[in-house]
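Notes to accompany the following structure.
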Amino acid sequence: SKKKGLSFEEKRVRMMEIFFETKDVFQLKDIEKIAPKEKGITSMSVKEILQSLVDDGMVDTDRIGTSNYFWAFPSKALHARKRKLEELESQFTESRQKKEALQKSIEKSKIGREDTPERAALIEELAALRQKKEQLKAEIDKYRECDPDVVEEMRQTNKVAKEAANRWTDNIFSIKSWAKRKFGFEESRIDKGFGIPEDLDYID
């Protein structure tokens, strides 16, 4: 019976299984025959899937004579995922450091002075950090089926980053509350004056 079409990532995972299970070297035409029969990957998509794995360093390739050969071994794939993990962890660390610096700036801005340009810049920086978090989450999801243990570790790191972002958002709400008490401003006037989005809220 014909099954539902596989996602791009599922095809990548199944393609890697061909190499890992056989530990053999193949030509493109060989994989185009094996993939549909054993892994349910349509022959028309084999070349695209294989090239994406080559681009990510998961599969090696070399030209011998007039033919291209492809191979991949589990140890290389593991090292590639470890390098990707280290890169993502480095980006998370950088994001946390930026959030800490922004939190310190907010604390300074509470001390009886208004600094509209600074707060506008902080709001913009928060939006950029949130966008970066979503990009990193997408990267993590991309490798979910390749290495569950790595993904779980990254999800925990992502949780810490989300909590930090929520604390930062809490500081903004604190500033608004302080401004209302100190100057009697309406909340809508504060939002407009400091460029705070009306839908600013905590991350679920």
Side-chain angles (χ1 to χ4, degrees), residues 1-99 127-165 203-204:
S1 62
K2 192 172 181 180
K3 298 170 66 176
K4 256 190 172 181
L6 300 171
S7 70
F8 188 79
E9 191 59 35
E10 286 172 335
K11 291 178 182 178
R12 282 166 52 94
V13 172
R14 294 193 181 193
M15 181 79 71
M16 292 304 297
E17 289 175 354
I18 295 175
F19 292 106
F20 291 168
E21 292 169 359
T22 63
K23 297 182 176 64
D24 205 349
V25 178
F26 301 96
Q27 292 185 43
L28 176 61
K29 62 183 180 180
D30 299 324
I31 301 177
E32 287 176 335
K33 292 177 182 178
I34 296 172
K37 183 178 179 181
E38 297 186 8
K39 298 299 180 181
I41 303 172
T42 58
S43 58
M44 290 186 298
S45 65
V46 166
K47 187 175 182 180
E48 179 187 6
I49 300 299
L50 186 58
Q51 186 60 51
S52 76
L53 293 170
V54 170
D55 293 341
D56 286 347
M58 303 289 286
V59 173
D60 289 312
T61 183
D62 198 6
R63 188 175 184 84
I64 302 176
T66 59
S67 302
N68 289 322
Y69 291 85
F70 302 88
W71 69 93
F73 300 108
S75 59
K76 178 177 175 62
L78 177 61
H79 290 316
R81 288 197 295 272
K82 283 184 176 178
R83 285 196 300 272
K84 190 64 180 181
L85 174 61
E86 290 172 356
E87 178 184 340
L88 292 173
E89 286 179 335
S90 176
Q91 292 176 1
F92 268 116
T93 298
E94 183 180 349
S95 294
R96 284 198 300 268
Q97 291 174 343
K98 285 184 177 180
K99 288 186 179 71
L129 289 171
R130 283 179 168 169
Q131 183 179 4
K132 183 68 174 177
K133 185 184 79 69
E134 291 303 319
Q135 292 174 348
L136 293 176
K137 184 177 181 295
E139 279 291 316
I140 293 172
D141 290 340
K142 178 180 176 182
Y143 287 84
R144 178 176 61 248
E145 294 181 13
C146 292
D147 196 334
D149 292 336
V150 170
V151 172
E152 179 58 29
E153 182 176 347
M154 291 305 299
R155 287 190 187 284
Q156 292 302 319
T157 306
N158 186 48
K159 179 181 178 182
V160 173
K162 183 177 75 172
E163 290 173 352
I203 300 173
D204 294 329

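Scope of the values below: all heavy atoms of this structure, side chains included, with no hydrogens, waters or symmetry mates.
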| Evaluation steps, side chain to side chain contact (heavy atoms under 4.5 Å, CB included), between Val59 and Leu50 | CA-CA 8 Å; Val59 173; Leu50 186 58; 4.2 Å; yes
| message | Assess the residue pair Phe73 and Asp60 against the criterion (side chain to side chain contact (heavy atoms under 4.5 Å, CB included)); give the C-alpha distance rounded to whole Å, side-chain angles, the decisive distance to 0.1 Å, and a yes or no. | response | CA-CA 9 Å; Phe73 300 108; Asp60 289 312; 5.7 Å; no
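- Here the CD-CD distance, from Gln27 to Glu32, works out to 10.5 Å after rounding to the nearest 0.5 Å.
- Partners of Glu21 by salt bridge (charged side-chain N to carboxylate O under 4.0 Å, His left out), not counting sequence neighbours, listed by chain and number: Lys39.
- Under a cut-off of 6.0 angstrom, the local environment of NZ in Lys99 is crowded, with over 12 non-hydrogen atoms contributed by other residues, nucleotides or ligands.
- The shortest distance between side-chain heavy atoms of Glu38 and Ile18 does not fall below 4.5 Å.
- Summarising the geometry, atom OG1 belonging to Thr61 is positioned 8.0 Å from atom CD belonging to Gln51; distances are rounded to the nearest 0.5 Å.
- The CZ atom of Phe19 lies 7.5 Å from the CG atom of Leu53; values are rounded to the nearest 0.5 Å.
- The distance from the OG1 atom of Thr22 to the CD1 atom of Ile34 is 7.0 Å, given to the nearest 0.5 Å.
- The ring pair (Phe, Tyr, Trp, His ring centres under 6.0 Å) test applied to Phe70 returns no partner, not counting sequence neighbours.
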| task | Applying side chain to side chain contact (heavy atoms under 4.5 Å, CB included), run through Ile49 and Arg14 and close with a yes or a no. | result | CA-CA 10 Å; Ile49 300 299; Arg14 294 193 181 193; over 6 Å; no
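- The structure places NZ of Lys11 at 10.5 Å from OG of Ser52, a figure rounded to the nearest 0.5 Å.
- Interatomic distance, Lys132 NZ to Leu129 CG, rounded to the nearest 0.5 Å: 10.0 Å.
- For Glu163, there are no salt bridge (charged side-chain N to carboxylate O under 4.0 Å, His left out) partners at least two apart in sequence or on another chain.
- The backbone N or O of Ile64 sits nowhere less than 3.5 Å from a side-chain atom of Ser67 that would complete a donor-acceptor pair.
- Side chain of Glu48 to backbone of Ser45: no donor-acceptor contact under 3.5 angstrom is found.
- Nearest heavy-atom pair across Ser43 and Pro36 is N-CG, 3.7 Å.
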| Which is it for Val13 and Met16 under the side chain to side chain contact (heavy atoms under 4.5 Å, CB included) test, yes or no, and what are the steps along the way? | CA-CA 5 Å; Val13 172; Met16 292 304 297; 5.9 Å; no
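- Using a cut-off of 4.0 Å between Lys/Arg side-chain N and Asp/Glu carboxylate O, Arg12 and Glu9 are scored as salt-bridged.
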